[in-house]
Amino acid sequence: MSKFRILVINPRSLVTEIALYENEVPLIIDDLSHDSDKLAEFPSVASQYKFRADEILSYLVNKGINLSKLAAVCGRGGLLKPIDGGTYLVNAAMRKELLEQTRGEHPSNLGALIAYEIGEHFEIPSYIVDPVVVDEMADIAKISGYPKITRKSIFHALNHKATGRRAAMELGKKYEDVQLIIAHLGDGITIGAHSNGRVIDVNNGLNGEGPFSIERSGTLPHGDLVDLCYSGKFTYEEMKQELLYHSGIMAYIDKPSRGSLDIEEELKKGDNPSYHIIEALAYQVAKEIGSVSTVLLGEVDAIILTGELAYSNLFVKLIMERVNWIADIMVYPGENERQSLAQGVLRVLRKEELVKEYESKGV
């Protein structure tokens, strides 16, 4: 079997997560921290890409890595137009949109830009895999009930797709031949209906659909929400921050920070206010899974629980008790983002999957 060395890049606000894989085997996994004052010198997040690329290359050279052996570079996909899932070659149209931040500013926009910068230097291809804007939703699923608002597909596509493929393989089938319900349980929670290789319906975990999460509000009674928005208590930006970062479990439980919250330990305490809030989250997750099962007409090969919260056995048990009658449940804790990116590139390099070309025309 051919050996492919793949450099993987997952940019975050103050950190660039990297990994070097030889086929499926990680040779290096590390996080490169960046000085906040240095990053503040750049006029936009996107304009940091050359600086971060140089930091990555310096790190690898200091580690004694033979960079001439690289076969490809892969970055985390950013805010692009809605596209089908898959592995995309980083091209001029993609870079232009990300540099201009046409569809929004976010650290993930740096992934493709850094990958291309390094790939060009070594004359090797650069890719992105299953970005958050993957949109395979059925037309009927996009109807919201109010013509001025269309339901959007924004979810943890990378982990959803990678976990779906893993589950299908363990079921002895292809991802394109199974029907799965996948629940990503992390900072945001997205629960999708996977049918024959496409996510035909999924809640928008970023902008207020589905269960609440550790910090996010999820679906709220919109009459009460409208009243609160016009109460004069919050500005537009403050209200957005409330719903994204100051809601969910952390709004109910008296903890100094998100990092101090241990779901498993809170559940072990038994009957107390914290337990009942976390139980309510499990209840809402189960309720959403039940709802998604109707999208698949009850024909479900498996229910998959993944993401950071899936590390809590007690939390998983609360969900399983409510949904195990629908289908067998498979649990894959964590997000495994770097590995998922490498696997997407490997499928292309091994000619198991066709690479896709990004076009800026359209939505």
Side-chain angles (χ1 to χ4, degrees), residues 12-14 45 78-79 82 101 103-109 131-135 137 141-160 183-192 199 201-261 263 266 273-274 276-289 291-292 306-309 315 319 335:
R12 299 193 182 278
S13 296
L14 298 176
V45 171
L79 298 178
Q101 302 177 142
R103 302 173 195 275
E105 184 174 37
H106 193 272
S108 64
N109 289 355
V132 295
V133 294
V134 165
D135 182 0
M137 283 174 64
K142 294 184 178 182
I143 298 172
S144 70
Y146 181 57
K148 294 182 180 180
I149 296 176
T150 300
R151 291 189 66 229
K152 295 180 177 66
S153 178
I154 300 177
F155 70 112
H156 305 87
L158 182 64
N159 192 36
H160 266 253
H184 175 103
L185 311 172
D187 287 343
I189 291 178
T190 54
I191 300 171
V199 186
D201 201 351
V202 64
N203 67 294
N204 182 336
L206 178 65
N207 288 322
E209 277 191 320
F212 65 88
S213 65
I214 291 178
E215 296 176 327
R216 297 177 188 171
S217 69
T219 300
L220 296 172
H222 62 247
D224 294 333
L225 179 58
V226 169
D227 289 343
L228 186 59
C229 289
Y230 284 88
S231 66
K233 295 179 180 178
F234 301 98
T235 65
Y236 171 82
E237 287 299 331
E238 287 170 344
M239 193 74 251
K240 295 280 279 190
Q241 291 292 309
E242 280 288 299
L243 300 178
L244 278 173
Y245 304 115
H246 304 297
S247 297
I249 290 178
M250 295 304 293
Y252 286 96
I253 296 177
D254 184 22
K255 292 286 180 181
S257 70
R258 185 217 182 287
S260 64
L261 176 65
I263 295 291
E266 293 294 331
S274 296
H276 293 298
I277 297 303
I278 298 169
E279 182 183 35
L281 173 55
Y283 171 88
Q284 288 198 8
V285 169
K287 184 177 176 181
E288 187 77 10
I289 289 172
S291 175
V292 169
T306 182
E308 293 303 309
L309 297 185
F315 183 68
I319 298 169
E335 295 192 33

Below 4.5 Å, heavy atoms only, C-beta onward: do [X] and [Y] meet side chain to side chain?
{"X": "Ile191", "Y": "Pro211", "result": "yes"}
{"X": "Leu243", "Y": "Glu215", "result": "no"}
{"X": "Leu79", "Y": "Val132", "result": "yes"}

Got a sec, which residues hit side chain to side chain donor-acceptor pair (under 3.5 Å) with [X], two or more places apart in sequence or on another chain?
{"X": "Ser217", "answer": "none"}
{"X": "Ser247", "answer": "none"}
{"X": "His276", "answer": "Asp271, Glu279"}
{"X": "Ser213", "answer": "none"}

Partners passing side-chain contact (heavy atoms from CB on, under 4.5 Å) against Gln101 (at least two apart in sequence or in another chain):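 By the side-chain contact (heavy atoms from CB on, under 4.5 Å) rule, Gln101 matches Ser44, Val45, Ala46, Glu105, Asn109.
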Applying side-chain contact (heavy atoms from CB on, under 4.5 Å), name anything that partners Ile263, two or more places apart in sequence or on another chain.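 With sequence neighbours excluded, Ile263 shows a side-chain contact (heavy atoms from CB on, under 4.5 Å) to Ile249, Leu261, Leu267, Ile278, Leu309, Ser312, Phe315, given in chain and number order.
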Does Ile189 offer a backbone N or O that forms a donor-acceptor pair with the side chain of Asn203 under 3.5 Å?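 Such a contact is found between Asn203 side chain and Ile189 backbone.
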Please check: side-chain N/O of Ser153 versus main-chain N/O of Val134, any donor-acceptor pairing under 3.5 Å?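 Confirmed, Ser153 side chain pairs with Val134 backbone.
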Minimum heavy-atom separation for [X] to [Y], with atom names?
{"X": "Gly78", "Y": "Ser108", "answer": "CA-OG, 3.5 Å"}
{"X": "Asp135", "Y": "Pro82", "answer": "CB-CB, 3.6 Å"}
{"X": "Val202", "Y": "Val199", "answer": "CB-CG1, 4.0 Å"}
{"X": "Gly188", "Y": "Arg216", "answer": "CA-NH1, 3.5 Å"}
{"X": "Asn159", "Y": "His184", "answer": "ND2-ND1, 3.0 Å"}

Under the side chain to side chain donor-acceptor pair (under 3.5 Å) criterion, do Thr190 and His156 qualify, and how do the steps go? CA-CA 7 Å; Thr190 54; His156 305 87; 2.8 Å; yes
Going by ring-ring contact (aromatic ring centres under 6.0 Å, His included), name the residues that satisfy it together with His160, two or more places apart in sequence or in a different chain.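 His160: ring-ring contact (aromatic ring centres under 6.0 Å, His included) contacts with Phe155, His194.
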Residues two or more places apart in sequence or in another chain: which of them pass ring-ring contact (aromatic ring centres under 6.0 Å, His included) with Phe212?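 So Phe212 forms no ring-ring contact (aromatic ring centres under 6.0 Å, His included) with any residue.
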Sequence neighbours excluded and cut-off under 3.5 Å, please list the side-chain donor-acceptor pairs for residues 225-238, or say none.
| residue | atom | partner | partner atom | Å |
| --- | --- | --- | --- | --- |
| Ser231 | OG | Leu228 | O | 2.7 |
| Ser231 | OG | Lys233 | N | 3.3 |
| Thr235 | OG1 | Glu238 | N | 3.1 |
| Thr235 | OG1 | Glu238 | OE1 | 3.4 |
| Glu238 | OE1 | Thr235 | N | 2.9 |

Let's go through Thr306 and Leu185 carefully: what are the C-alpha distance in whole Å and the side-chain angles of both, what is the deciding distance for side chain to side chain contact (heavy atoms under 4.5 Å, CB included) to 0.1 Å, and is it a yes or a no? CA-CA 6 Å; Thr306 182; Leu185 311 172; over 6 Å; no
Show the numbers, then the answer: is there a side chain to side chain contact (heavy atoms under 4.5 Å, CB included) between Met250 and Ile214? CA-CA 6 Å; Met250 295 304 293; Ile214 291 178; 3.8 Å; yes
Selection residues 143-158 - residue pairs positive for salt bridge (Lys or Arg N to Asp or Glu O under 4.0 Å), sequence neighbours left out: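 Pairs touching residues 143-158 that pass the test: Arg151-Asp201, Arg151-Glu209.
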Got a second to check how far Glu288's CD is from Tyr283's OH, nearest 0.5 Å?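 That separation rounds to 12.0 Å.
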Can you name the salt bridge (charged side-chain N to carboxylate O under 4.0 Å, His left out) partners of Lys287, sequence neighbours left out?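 So Lys287 forms no salt bridge (charged side-chain N to carboxylate O under 4.0 Å, His left out) with any residue.
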